[in-house]
Amino acid sequence: MGKILVTGATGFIGSHLVERLIHDKYDVIILKRSTSDTWRIKDVLHQVKRYDLDKTEIEAIFQNEAVGLIIHLATNYGRRGETIKDIIESNITFPSVLIDSALKKCLKGIVNIDTSAIDAYSFYASTK
């Protein structure tokens with residue numbers, strides 16, 4: 001399958017997923033912001049390859065790594081006063097660029113995970 005690239009690895013669900021993937025002996029890469037708090041995955045951080053989204057071009061990741069699967073959990077809920085532009089960048093532009101870059105390198109699959117616990121009429125929900 002190749003390596004598994006996980007976005008949103010520092011969040012609640014992502015951290016549990018990363019731990020399980022490592023437990024099951026998968027080769028895991030995480031894509032995060034350099035400002036991300038990694039406390040949830042501190043015990044397994046040394047077992048994953050990390051790229052900081054704000055310091056690395058997405059296409060470079062796919063040039064350097066044999067990514068076979070992306071599990072995309074990263075999102076922006078807009079809970080911290082982010083602008084609509086920030087939410088669009090996180091929830092539409094980023095995953096679009098991620099998928100486009102991956103497809104150029106013959107990606108085998110992508111899993112996009114979302115939540116159903118948000119008001120269906122929120123701007124977040126309309127971008128997911």
Side-chain angles (χ1 to χ4, degrees):
M1 170 190 309
K3 299 174 183 178
I4 298 175
L5 175 68
V6 179
T7 69
T10 60
F12 179 76
I13 295 171
S15 62
H16 290 282
L17 174 65
V18 166
E19 288 176 354
R20 183 57 192 226
L21 291 171
I22 290 169
H23 177 267
D24 290 347
K25 308 291 187 218
Y26 287 99
D27 196 358
V28 178
I29 302 167
I30 64 169
L31 183 56
K32 64 176 193 59
R33 293 181 189 94
S34 60
T35 57
S36 294
D37 188 348
T38 58
W39 70 271
R40 286 188 177 105
I41 55 173
K42 69 180 186 314
D43 294 337
V44 296
L45 204 51
H46 66 283
Q47 296 176 307
V48 300
K49 181 117 184 214
R50 299 173 298 241
Y51 287 95
D52 290 329
L53 177 61
D54 49 334
K55 295 181 178 181
T56 305
E57 292 293 325
I58 292 175
E59 288 195 5
I61 297 167
F62 295 101
Q63 291 171 353
N64 297 331
E65 306 290 345
V67 176
L69 176 69
I70 296 172
I71 303 177
H72 176 58
L73 296 120
T75 196
N76 184 333
Y77 296 105
R79 294 184 198 155
R80 297 182 180 140
E82 296 92 346
T83 66
I84 290 174
K85 182 180 176 185
D86 294 333
I87 295 169
I88 289 171
E89 175 64 32
S90 295
N91 298 345
I92 297 174
T93 306
F94 166 62
S96 298
V97 171
L98 185 68
I99 292 167
D100 184 55
S101 297
L103 289 175
K104 292 175 185 174
K105 293 295 179 181
C106 300
L107 177 73
K108 292 180 178 46
I110 183 165
V111 176
N112 185 49
I113 298 176
D114 194 2
T115 181
S116 61
I118 303 294
D119 177 8
Y121 300 104
S122 71
F123 192 75
Y124 159 78
S126 65
T127 63
K128 290 304 277 187

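Remember, predicted model here, so these are calculated numbers, not experimental data.
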Trainee: Are any of the side-chain heavy atoms of I71 and I110 separated by less than 4.5 Å?
Mentor: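 Of all side-chain heavy-atom pairs linking I110 with I71, none is under 4.5 Å.
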Trainee: Ignoring hydrogens and geometry, is there a side-chain-to-backbone donor-acceptor pair from S36 to R33 under 3.5 Å?
Mentor: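 Yes: the side chain of S36 pairs with the backbone of R33.
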Trainee: Check A9 against V18 and note the closest heavy-atom contact, atom names and distance.
Mentor: CB-CG2, 3.6 Å
Trainee: Look at the side chain of Q63 and the backbone N and O of I61, then say whether any donor-acceptor pair between them is shorter than 3.5 Å.
Mentor: no
Trainee: Got a second to check how far I70's CD1 is from I4's CD1, nearest 0.5 Å?
Mentor: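 Answer rounded to 0.5 Å: 11.5 Å.
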Trainee: So which atom in E82 and which in R79 form the shortest heavy-atom distance, rounded to 0.1 Å?
Mentor: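 Closest approach of E82 to R79: OE1-N, 3.3 Å.
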Trainee: Surrounding CD of E57 (heavy atoms of other residues, nucleotides or ligands, distance under 6.0 Å), is the total greater than 12?
Mentor: no
Trainee: Working to the nearest 0.5 angstrom, can you tell me the gap between R50 CZ and K55 NZ?
Mentor: 11.5 Å
Trainee: Quick one: does any side-chain atom of D37 pair with a main-chain N or O of W39 as donor and acceptor, under 3.5 Å?
Mentor: yes
Trainee: Are the side chains of I41 and I30 in touch, meaning some heavy atoms are under 4.5 Å apart?
Mentor: yes
Trainee: Using every non-hydrogen atom in the two residues, find where S90 and P95 come nearest and quote the distance to one decimal.
Mentor: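 Heavy-atom minimum between the residues: O-CD, 3.3 Å.
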Trainee: Would you say I58 and D100 make side-chain contact, with heavy atoms under 4.5 Å?
Mentor: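 Side-chain contact under 4.5 Å: no.
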Trainee: I need the K85 NZ to T93 OG1 distance, nearest 0.5 Å.
Mentor: 10.0 Å
Trainee: Is any side-chain N of the basic residue among K32 and D52 closer than 4.0 Å to the acidic one's carboxylate O?
Mentor: yes
Trainee: Going by distance alone, is a donor N or O of one side chain under 3.5 Å from an acceptor N or O of the other, for Y51 and E65?
Mentor: yes
Trainee: L69 versus L5: any side-chain heavy-atom pair under 4.5 Å?
Mentor: no
Trainee: If only atom types and distance count, is the side chain of N91 paired as donor or acceptor with the main-chain N or O of N76 below 3.5 Å?
Mentor: yes
Trainee: Should E59 and K104 count as an ion pair when the cut-off is N to O under 4.0 Å?
Mentor: yes
Trainee: Does A74 offer a backbone N or O that forms a donor-acceptor pair with the side chain of T7 under 3.5 Å?
Mentor: yes
Trainee: Could you measure the distance from the CD1 atom of I29 to the NZ atom of K3? Nearest 0.5 Å is fine.
Mentor: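 These two atoms lie 5.0 Å from each other.
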Trainee: Rounded to the nearest 0.5 Å, how far does NE2 of H23 lie from CD of Q47?
Mentor: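 So the gap between those two atoms works out to 11.0 Å.
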Trainee: Check whether any side-chain heavy atom of L98 lies under 4.5 Å from a side-chain heavy atom of L31, and answer yes or no.
Mentor: yes
Trainee: Can you tell me how far apart CZ (R40) and CG (L45) are? Round to the nearest 0.5 Å.
Mentor: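 Here the rounded value is 14.0 Å.
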Trainee: With no hydrogens and no angle check, is any side-chain donor or acceptor of T83 less than 3.5 Å from a backbone partner on D86?
Mentor: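 Checked: pair present.
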